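Take a look at the structure set out below.
Per chain, numbering begins at 1; letters A, B, ... match sequence-line order. The analysis underlying the following values was restricted to heavy atoms, covering all of them including side chains, and did not include hydrogens, waters or symmetry mates. Bear in mind the structure is a predicted one, so any value in this text is a computation, not a measurement.
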Amino acid sequence: MSRYPFRATEQKWQRIWEERRCFESVTDPSRPKYYVLEMFPYPSGRIHMGHVRNYTLGDVVARLKRRTGYNVLHPMGWDAFGLPAENAALEKGVHPADWTWSNIAEMRAQIKSMGCSLDWKREIATCDPSYYRHEQAMFLDMLERGLVYRKEGWVNWDPVEQTVLANEQVIDGRGWRSGAPVERRKLAQWFFRITAYAEELLAALDRLDRWPEKVRLMQKNWIGRSEGARVRFPLLGRTDHLEVFTTRPDTLWGASFVAIAPDHPLTRELLERDPQLAAFVEDCLRIAASEEALEKAEKRGYDTGLRARHPLADYGAPSDLPIYVANFVLMDYGTGAIFGCPAHDQRDLEFARRYGLPVRPVVLPPGADPTSFTIGEEAFTGDGTVFHSAFLDGLPVAEAKKRIIAFLEEHGLGRGEVTYRLRDWGVSRQRYWGCPIPVIHCESCGIVPVPRDQLPVTLPYDVDFSKPGNPLDRHPTWKYVDCPRCGRPARRETDTFDTFVESSWYFARYCSPDVTDAPFRRRDVDYWLPVDQYIGGVEHAVLHLLYARFFTRAMRDCGYLDLDEPFLGLFTQGMVTHLTFRDERGRWLQPDEVRRDEHGRWVTLDGRPAIPGRVEKMSKSKKNVVDPQRIIEAYGADTARLFMLSDSPPERDLEWTEAGIDGAFRYINRLWRLVEERLPLLPPVGTPPGEPGNEAEAALKRLVHRSIRRVTEAFERFHFNKAVALVREFTNGIEAFEPATAPGRALLREALETLVALIEPMVPHLAEELWQKLGHQRLLAESPWPVADPAWTREETVRLAVQVNGKRRAEIEVTPDASEDEMREIALADPAVQRALAGREPKRVIVVPGRIVNVVV
RNA sequence: GCGGGCGUGGCGGAACCGGUAGACGCACGGGACUUAAAAUCCCGGGGCCGCGAGCCAUGCGGGUUCGAUCCCCGCCGCCCGCACCA
């Protein structure tokens, strides 16, 4: 029996595609375009299964779109700056640049072996000065336009990575990469003014209708818009005042204290003269830094002895309030100062109970009695009617908010304000392997941008990694330059960009990777952007995707392009998972270190028990990784691709199993044999399909056209697992068909050609090979997608269920255009229906054409 | 705690807009081919029992409907995001 020679075949077609430059694209405004993009990889050295899944999904879309007439852009590149390169330098003594470039070479070969329809002419690497020089120029433009600024502030310091992290990069109080508890430090940092776009980024989410709802919601929550008011509380015995932000100005009459953050300017002023307060603050900051404690941390405060005058003291509110420093008040949200209304805020209630402060309800729940309503253990945060609040009395909460804000504004006591949870994006990193920030620090001129004609500021090659910290900062010469403005000795900025900056605009660079004097040509980006389909992991739902959306707008406002949103369609794929194993001592075992014994139990290779654990994301730490390169060598790229698409919907996790990959491999070989074996029966290529002469032939013809319709639809809806199922069903149908006549043989050719044409996006090498065997000269990758003939997508008869009182009792066969009366008659005549009726008279008969007949008695 | 998602055979999953639950595959059982095995091909299959013209089945309990995996209410379980955001 012949076997599909996948190795030779895959190499053959990859060579032909490359020679004929099939997948290279050019800007051509006369044609409709389609930009398919997978999130570019970090060049770690080897591809993993997540990459294989990602690029398979993208390639299916790219190939389908190309064959349905689009001018497709499908590029690939490298997110090449980042910490692992420096770790390699530290551990193995390799230079980060050398390490990165050799990894890129290796991974490029691995990705190429997958046979994706990529335009390699457009390959970019972000660590190449030809890429990051444009980023430096854009940074200077943004600096001029006020979209970039430098500020001294508290930062999240990762003690392991010895660098600063953005808020988004801190997860549960730990560094997103190192997992080490983050410390708070004070440093001067560069920031992108992403908050200037908070409202726009939020509002535009509604229009991203081809994004997963989940991702839009995550971004919405991340931006965290809240409407409220900023209220002035004058300090008694002083001339200044506190600014307080609140979303509940309607509860001002219920205020019983004011609280400020431990790092509020007023706190810092007070602690100079109050050692007890200083100790309290130190305590708070330590707990804040040592995360977890927060979880259980009680509401604690320190009475400063200062008091604030209530702005509404003249209108029946408490005349003045104590000012506490409280551990639960955050300096970087709102104004760092709050007023506490214990009756209507759970935190304030806990605080009030602890310190014996009054609890005065001012919102009455619906149906409650104003004379007897009191607050117990739970604050009342719902809607109700305001009372004990002068002119707000009787109003519902929403109304009261509007009224009090108008009042505060009229009397100069405060104003309505919208606050966002989103903070500006800190991009300074104390690292070597990143894009240098193109500014110079001069003692007399301050911060001076590097003149444009001196860009790019490139990284020095001769760096020393033997000591911790930033090698750029220690470099003997690199940072010492003359000030471009005054000519006196000055210092380069030694921080580099967060690597999320590079990935914020790479999709635009792909449009014109060759242009040197600008990041891209207008003509190219105007044509290709936005990306029509972006595909990657959900882990980037907030960070990368939000930064890229911001950066696109910043580029727009600097006149680089005319675009708001970079990614029109977004698809987030699930993870690739695998069963985990441990030995008796609890040590993780690799999948190739276990087998099943004769009783089907998991054992190690030398027969000791292996304990299967949970199915988890493939990770080195749990040792449950399967190397894609090994799979491609053993089974071929098409098998790996097919398995990636089979069974699991792409948005869900996919469990890698040996059995699954074997199943895909068997099917690949079955397809090969099917065409091989039927080939001698077929009329020559180009023979017109001809009309079916008997029922079997008609059935095949219908199967062909129904398959085209259903598979196409499945692809378009990203139901790739269904597409695989439908194609297998189609294969089963062809296998069962025995051609007996000349038209039958012509039909068999039509069926096989259609099958091969439909599987091409998934298993392109096999499909090209079979297409050629069937006698075609033209490449399948460049051939049009099959079109279903509507005359053959209809069934000639339909089977419908007949229910009696909603229970299925019989099945009838009718023509699709049968009238309701006919269907009713046939159904009622059915013996099984008669039996179920047991002589009872039908009260009602519901007939849904093509669906069901339901007899109600 | 808040927000979101998901629960369907032994397993991954189908089921369009409320209309025959279990497509397709994996694993399994039986058979064919073979000296034998592998490979391949064919057949079978949700559960129960008295094996039928039966009953029960989409996490659990209710509801709406002629009819519910699908809609509504209340539970239970798992997963993800945020986490003192005033």
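- Across the strands present, B:G74 finds its partner in B:C60; the criterion is a Watson-Crick or G-U wobble pair with both atom distances under 3.5 angstrom.
- At a threshold of 4.0 angstrom between heavy atoms, the contacts of A:N669 with the nucleic acid are absent.
- Spacing between B:G9 and B:U58 at atom P, rounded to whole Å, works out to 9 Å.
- A:N669 places a side-chain N or O within 3.5 Å of a backbone atom of A:F665 that can act as its donor or acceptor partner.
- Taking side-chain N and O atoms only, A:R614 has a distance below 4.0 Å to OP1 or OP2 of B:C79.
- Put simply, the side chain of A:N854 gets close to the backbone of A:G806: a donor and an acceptor are under 3.5 Å apart.
- Nucleotides B:G46 and B:U65, compared at atom P, are 33 Å apart to the nearest Å.
- Classification of B:A53 as syn follows from a glycosidic angle within 90° of 0.
- Across every strand in view, B:G9 sits unpaired, with no contact that passes the Watson-Crick or G-U test at under 3.5 angstrom.
- Between the side chain of A:D638 and the backbone N or O of A:M762, no donor-acceptor pair lies under 3.5 Å.
- Across all strands, A:K807 comes closer than 4.0 Å only to sugar-phosphate atoms, never to a base (heavy-atom distances).
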Would A:R549 and A:Q219 count as a side chain to side chain donor-acceptor pair (under 3.5 Å) here? Give the steps. CA-CA 11 Å; A:R549 294 182 63 221; A:Q219 292 213 353; 2.8 Å; yes
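- Taking only side-chain nitrogens and oxygens, A:R844 comes nearer than 4.0 Å to OP1 or OP2 of B:C66.
- Ranking B:C66, B:G25, B:C84 by closeness to the A:R670 side chain, first place goes to B:G25.
- Heavy atoms of A:V853 sit nowhere under 4.0 angstrom from any nucleic acid atom.
- When distances are taken from the side chain of A:R666 to each of B:C82, B:G54, B:C26, the shortest belongs to B:C26.
- Under the 6.0 Å distance and 45° angle rule, A:R360 does not count as a cation-pi partner of A:W253.
- Note on A:S226: a side-chain N or O is less than 4.0 Å away from OP1 or OP2 of B:A86.
- Taking the centre and axis of the six-membered ring of A:Y667, the NZ or CZ atom of A:R728 falls inside the cone set by 45° and 6.0 Å.
- Remark: the separation of the P atoms in B:C70 and B:C17 is 15 Å, to the nearest Å.
- To the nearest angstrom, P of B:A86 lies 12 Å from CD of A:E227.
- A:N854 comes within contact range of at least one nucleobase, with a heavy-atom separation under 4.0 Å.
- Nearest nucleotide to the side chain of A:R421, out of B:C82, B:A53, B:G13: B:C82.
- Summarising the geometry, the separation between CE on A:M823 and P on B:C66 is reported as 20 Å, rounded to the nearest angstrom.
- Because its glycosidic torsion is within 90° of 0, B:G9 is reported here as syn.
- For A:Y302 and A:Y324, the distance between ring centers is not under 6.0 angstrom.
- The partner of B:G3 is B:C80, judged by Watson-Crick or G-U wobble contacts that both fall below 3.5 Å.
- With P as the reference atom, B:C76 and B:G29 are 41 Å apart, rounded to whole Å.
- A:R728 comes within 4.0 angstrom of the backbone, heavy atoms only, and of no base.
- Between A:R717 and B:C16, a side-chain N or O to OP1/OP2 separation shorter than 4.0 Å is absent.
- Rounded to a whole angstrom, the distance from the P atom of B:C26 to that of B:C33 is 24 Å.
- Among the nucleotides B:C85, B:G54, B:A21, the one closest to the side chain of A:Y333 is B:C85.
- Within the 4.0 angstrom heavy-atom criterion, only backbone atoms of the sugar-phosphate kind lie near A:E729; the bases stay farther away.
- B:C55 and B:G62: their C1' atoms are spaced 23 Å apart (whole Å).
- With a glycosidic angle no further than 90° from 0, B:C17 counts as syn.
- Using a 4.0 Å heavy-atom criterion, one finds that A:L330 contacts the bases of the nucleic acid, with or without backbone contacts as well.
- At a threshold of 4.0 angstrom between heavy atoms, the contacts of A:R799 include nucleobase atoms, whether or not backbone atoms are also involved.
- Regarding contacts with the backbone of B:A23, every side-chain N or O of A:N732 stays at 4.0 angstrom or more from both OP1 and OP2.
- With B:C84, B:G67, B:G13 as the candidates, the nucleotide lying closest to the side chain of A:N327 is B:C84.
- Within the nucleic acid shown, A:P649 comes within 4.0 Å of sugar-phosphate atoms alone, with no base atom in reach, counting heavy atoms only.
- For A:K214 against B:C80, no side-chain N or O and base N or O form a donor-acceptor pair under 3.5 Å.
- The interatomic distance linking A:F339 (CZ) with B:C84 (P) rounds to 20 Å, in whole Å.
- Within the nucleic acid shown, A:A659 comes within 4.0 Å of sugar-phosphate atoms alone, with no base atom in reach, counting heavy atoms only.
- Nucleotides B:G22 and B:A38 have their P atoms positioned 33 Å apart, rounded to a whole Å.
- Among the protein residues, A:T247 comes within range of the sugar-phosphate backbone only, with heavy atoms under 4.0 Å from sugar or phosphate atoms but none that close to a base.
- Across all strands shown, B:C66 forms a Watson-Crick or G-U wobble pair, both distances under 3.5 Å, with B:G19.
- Side-chain nitrogen and oxygen atoms of A:K722 include at least one within less than 4.0 Å of the OP1 or OP2 phosphate oxygen of B:A15.
- Across all strands, A:R230 comes closer than 4.0 Å to no nucleic acid atom at all (heavy-atom distances).
- In this structure, A:Q346 contributes its side chain and A:E377 its backbone to a donor-acceptor pair below 3.5 Å.
- For A:I846, the listed nucleotide lying nearest its side chain is B:C66; candidates were B:G13, B:C66, B:U20.
- Base pairing annotation: B:G44 forms a Watson-Crick or G-U wobble pair with B:C28, both donor-acceptor distances under 3.5 Å.
- Put simply, the side chain of A:R53 gets close to the backbone of A:G574: a donor and an acceptor are under 3.5 Å apart.
- When distances run from any side-chain atom of A:M218 to the nucleotides B:G25, B:G13, B:G81, the shortest one goes to B:G81.
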